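Worksheet: one structure, shown below.
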Amino acid sequence: MKARLLHPGRDFDFTAGLPAGHQDLIQDLELATLLRAMAAGDKFLYEVSAKVLLASLDDPDAIRYRQQVLADCLARPEVIRQMYAVAAGALEDKRHLWLGGYGGSYQNASSNLSGAVSHLEAFVGRLRQLRQIADDHAGTFRSDGLRTLFAALQRDLDDAYLEEISDHLKQLRFRAGVLISAELDRDNSGTGFALRAPGQARRRWAERLGIGPRTAYSFTISPRDEAGGQIFADLTSRGINLVANAAAQSADHLGSYFTMLRAELGFYVGCLNLADGLAAKGVPVAVPDPVPPSSLRFSCTDLRDTCLELASPDPVTGNDVRGDGKSLVIITGANSGGKSTFLRSAGVAQLMMQCGLFVTAQAYQANVTRGIFTHFIREEDTGMTSGRLDDELRRMSAIAGQITPGCLMLFNESFAGTNEREGSEIASQIVRALLDAQITVFFVTHRFGFADRFRRQHAPATLFLRAERQPDGSRNYKLTVKDPLPTSFGEDLYYRLGGWLEEDQALTPATAAATPDGEVDLISRVQLASEIAAGSADPPRTR
């Protein structure tokens with residue numbers, strides 16, 4: 001039996017390693033927030049969700065297969081959670097049996113058989129529960145994945161089959177004794193040991209009463225005859241060795257089935273947990289439309305950063321973007337205007353789409369990619385072993401060795417560890433090389449020289465989005481299709497920070513001079529504000 005809930009033709013490989021660059025992906029897109037929402041405090045669900053989320057599908061049909069299964073799960077969540085509980089319970093039964101002395105390494109076939117039979121008896125009880133769920137609910141599901149699973153449970157686990165298994169397990173307890181046949185070899189050693197059905201050991205009633213001819217002879221081993229008892233145990237082990245191995249293999253097979261079923265159902269339970277968390281906040285969700293990688297598609301309506309929605313108590317602003325046919329998206333505009341948030345929303349939505357999940361938007365369509373990579377700004381090395389630019393170039397070199405055509409590359413304020421001219425030149429050369437390799441690029445930048453160069457030289461293939469600044473200096477966190485400006489309006493933050501300092505620290509030269517500690521703090525804060533205004537430092541994150 002197979003689960004086949006994540007792939008139509010095979011099981012999901014949970015032993016495979018995570019894709020290249022996954023650590024940066026988790027950090028830059030803040031995926032830990034998403035995974036915690038899916039796990040709901042369950043470590044196993046966290047690990048399963050991470051495996052499936054990061055192992056992106058690149059086939060639109062395979063994505064739709066999962067979307068259909070997920071739609072069934074969302075329609076009948078109580079059934080999916082019940083099936084997950086059965087699969088998890090089967091593995092918990094196995095763990096208790098191991099702790100109770102059944103399973104593990106044994107010295108003889110008798111103990112191996114006893115442990116295997118105990119596991120099989122527990123598994124059969126769980127199989128009966130799965131069959132009952134299939135009988136009760138199979139007709140209410142529409143997806144190919146769940147209909148195939150329920151059909152297999154009803155076909156392969158019918159009443160006659162389950163009763164036959166139970167009868168065999170009762171016989172393997174050998175409560176009436178073990179019947180073994182053997183032959184004598186030329187040196188009078190035993191050979192040809194074979195286990196016989198218990199029914200063959202029954203004697204006629206007249207013989208059992210001692211009034212008929214004997215068909216068999218017997219002897220009794222003294223309780224004190226340890227050597228004789230050991231010999232008898234060895235003979236028994238030789239006779240039941242084959243059936244003990246067969247029972248152990250059957251127990252392992254069923255254990256593997258419940259392990260896979262629990263893991264694949266676990267992903268969908270994580271999706272249900274996420275849906276519940278988003279619904280509690282009133283966040284819109286939509287089934288994304290994946291298209292083949294040969295088509296450059298990206299369009300969204302009210303696309304929101306899923307992780308920010310989960311972390312923030314306040315509503316998150318969504319964005320509407322139409323970027324079909326564009327291989328490069330450059331995002332500029334006001335500081336703290338929502339540029340980085342949009343970049344994360346696009347990256348998280350792409351990952352969610354390509355693992356079969358819904359996305360936090362009113363509508364979302366994009367071509368599938370063969371991998372997603374991120375290059376986000378980092379804090380400067382506190383150990384002073386290298387500067388920020390050295391670190392950025394080192395990380396970019398690592399990405400260059402892993403990225404392939406058809407991938408998606410997300411840059412956030414990259415190559416800001418140098419001046420305007422050098423940073424723009426480095427970014428331009430790298431982006432051109434990526435575009436030549438047929439890699440789609442999203443780039444958030446405050447480098448006007450970099451953005452303007454692509455506006456002048458590659459405008460037809462580039463989508464320019466700009467974070468708006470309201471006339472009063474406030475931000476609405478909306479992006480619009482507009483050419484880049486030579487300013488990021490960092491002075492807004494400068495004055496905002498300056499006003500805060502006046503309220504909090506009495507920002508006046510006289511006050512600063514009167515308190516040396518305040519003077520140092522004042523100078524450092526004003527310097528930070530100046531750097532933000534110039535675009536060489538990052539403001540605190542906002543929506």
Side-chain angles (χ1 to χ4, degrees), residues 21 24-25 28-29 291-300 303 319-333 337-351 353-354 364-377 392-393 395-396 399-400 402-416 420 422-467 479-486 488 535:
D24 287 339
L25 204 61
D28 294 336
L29 300 183
V291 298
S294 57
S295 302
L296 280 176
R297 298 284 183 85
F298 180 83
S299 63
C300 59
L303 176 63
N319 276 285
D320 303 340
V321 176
R322 299 291 180 269
D324 293 348
K326 306 296 185 180
S327 57
L328 173 62
V329 178
I330 295 180
I331 307 155
T332 62
K339 302 187 301 296
S340 298
T341 297
F342 170 75
L343 185 69
R344 277 187 289 267
S345 71
V348 174
Q350 192 73 21
L351 278 174
M353 180 187 75
Q354 292 193 213
Y364 185 85
Q365 183 187 63
N367 60 279
V368 298
T369 66
R370 294 186 172 87
I372 302 174
F373 294 82
T374 59
H375 189 281
F376 280 37
I377 194 169
E392 290 184 307
L393 294 176
R395 286 190 287 122
M396 191 63 235
I399 292 173
Q402 299 164 345
I403 199 167
T404 59
C407 287
L408 172 64
M409 184 73 225
L410 307 178
F411 290 101
N412 186 22
E413 302 288 6
S414 298
F415 316 114
E420 167 76 22
E422 290 181 350
S424 297
E425 183 63 30
I426 292 172
S428 297
Q429 292 189 23
I430 289 175
V431 170
R432 281 200 299 268
L434 292 172
L435 295 177
D436 290 343
Q438 298 181 340
I439 295 168
T440 302
V441 177
F442 280 53
F443 207 121
V444 170
T445 183
H446 61 261
R447 302 286 194 191
F448 174 73
F450 161 75
D452 188 58
R453 181 178 302 182
F454 279 92
R455 182 189 64 80
R456 290 183 284 104
Q457 300 177 359
H458 302 278
T462 306
L463 174 66
F464 293 94
L465 300 176
R466 196 167 77 200
L479 302 185
T480 56
V481 179
K482 290 184 178 180
D483 290 341
L485 294 176
S488 295

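Note that the structure is predicted; figures quoted are calculated from it, not measured. In what follows, residues are counted from 1 in the order of the sequence shown. Any value given below was found using the heavy atoms of this structure, including those in side chains, with hydrogens, waters and symmetry copies removed.
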Q. Do NZ/NE/NH1/NH2 and the carboxylate oxygens of R456 and D452 come within less than 4.0 Å?
A. yes
Q | Q402 atom CD, over 12 foreign heavy atoms within 6.0 Å | A | yes
Q: Enter the distance from S327:OG to L408:CG here, rounded to the nearest 0.5 Å.
A: 11.5 Å
Q: Could you tell me whether the side chain of L393 reaches within less than 4.5 Å of the side chain of F415, counting heavy atoms only?
A: yes
Q: Kindly give the heavy-atom pair with the smallest separation between T445 and A451, and that separation in Å.
A: CG2-CB, 4.5 Å
Q) Between R447 and E422, is the closest basic N to carboxylate O distance under 4.0 Å? A) no
**Q.** Beyond-backbone contact of L410 with L29, side-chain heavy atoms, under 4.5 angstrom
**A.** yes
Q. Relative to the ring of Y364, is the ring of F298 parallel (under 30°), tilted (30 to 60°) or perpendicular (over 60°)?
A. perpendicular
Q: Please list, chain by chain and in numerical order, all residues satisfying side chain to side chain donor-acceptor pair (under 3.5 Å) with S345, sequence neighbours excluded.
A: none
Q | Distance-minimising heavy-atom pair for F450 and E420 | A | N-OE2, 4.5 Å
Q: Step through it carefully: locate the ring centre of F454, locate the ring centre of F443, and say whether they are under 6.0 Å apart.
A: no
**Q.** S414 side chain to E392 side chain, donor-acceptor N/O pair below 3.5 angstrom
**A.** no
Q. Going from OG1 on T332 to CZ on F448, what distance comes out if it is rounded to the nearest 0.5 angstrom?
A. 9.0 Å
